[in-house]
S.K.: 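One structure is given below, represented as structure tokens, and several questions about it will come after.
Fair warning: this is a prediction, and the values are worked out from it, not measured in the lab. Starting from 1, each residue takes its place in the sequence as its number.
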Amino acid sequence: MLSLGAILLQNLVTRVTDRVDETMDVAKRNAIAGAAIGLLLVTAYGLGVVATAVLLAQRHGTVPALFGLAGGFLLLALIVLAVVAMRNKRERELRRIRRQQLAARRDLMAAATTVAMKKPFAATAVALALGFLLAPKSRRDDD
């Protein structure tokens with residue numbers, strides 16, 4: 001007869017194994033579906049570009065149509081690149097500001113620890129002030 005601990009451990013292992021198997025099945029299914037959807041989207045995109053090239057070639061000629069499409073895609077790529085660069089710059093700036101805020105909080109904690117060691121009665125006031133100042137802020141601010 002198994003002990004209660006062994007039964008609970010076996011139950012836990014069985015549950016974890018079932019969860020892992022279930023998660024792996026879902027991940028495999030999603031990967032296969034994603035690959036199929038991606039292939040279909042790339043095919044549709046390619047056919048759309050070809051159809052646009054044929055339409056433009058009928059109206060303006062083959063060479064101007066292909067140069068026009070190439071220029072349009074180049075312009076679109078440059079716009080996407082500029083947007084990504086601006087977002088990355090903004091993210092770097094926000095990370096830098098957060099690091100500075102954390103450094104300031106660490107310095108404040110070190111100063112508070114020094115004061116608390118020297119003046120134990122002031123430690124309560126410092127702890128209350130730190131609790132108020134360092135309380136988690138709402139994440140709802142628009143950065």
S.K.: Atom CZ in Arg98, atom CD in Glu93: separation rounded to 0.5 Å?
M.R.: 11.0 Å
S.K.: Partners of Val50 by side chain to side chain contact (heavy atoms under 4.5 Å, CB included), sequence neighbours excluded?
M.R.: Val54
S.K.: CG/Leu55 to CZ/Arg59 distance, rounded to the nearest 0.5 angstrom?
M.R.: 4.5 Å
S.K.: I need the minimum non-hydrogen distance between Leu69 and Val49, along with the two atoms involved.
M.R.: CD1-O, 4.0 Å
S.K.: What distance do Asn30 atom CG and Asp25 atom CG have between them, rounded to the nearest 0.5 Å?
M.R.: 11.0 Å
S.K.: How many angstroms lie between atom OG1 of Thr23 and atom NZ of Lys28, to the nearest 0.5 angstrom?
M.R.: 11.5 Å
S.K.: Counting only heavy atoms not in Arg87 (residues, nucleotides, ligands), do more than 12 fall under 6.0 Å from its CZ?
M.R.: no
S.K.: Quick check: is Leu56 connected to Tyr45 through a chain of hydrophobic side chains (ILVMFWY, heavy atoms under 4.5 Å apart)?
M.R.: yes
S.K.: What closest approach, in Å, do Ala57 and Thr62 show between heavy atoms, and which atom pair accounts for it?
M.R.: CB-CA, 3.9 Å
S.K.: Under the rule for salt bridge (Lys or Arg N to Asp or Glu O under 4.0 Å), what residues qualify as partners of Glu91, not counting sequence neighbours?
M.R.: none
S.K.: Between Ala65 and Ala53, what is the shortest heavy-atom contact and its length?
M.R.: CB-O, 4.0 Å
S.K.: Would you compute the distance between atom CG of Leu74 and atom CG of Leu81 and round it to the nearest 0.5 angstrom?
M.R.: 10.5 Å
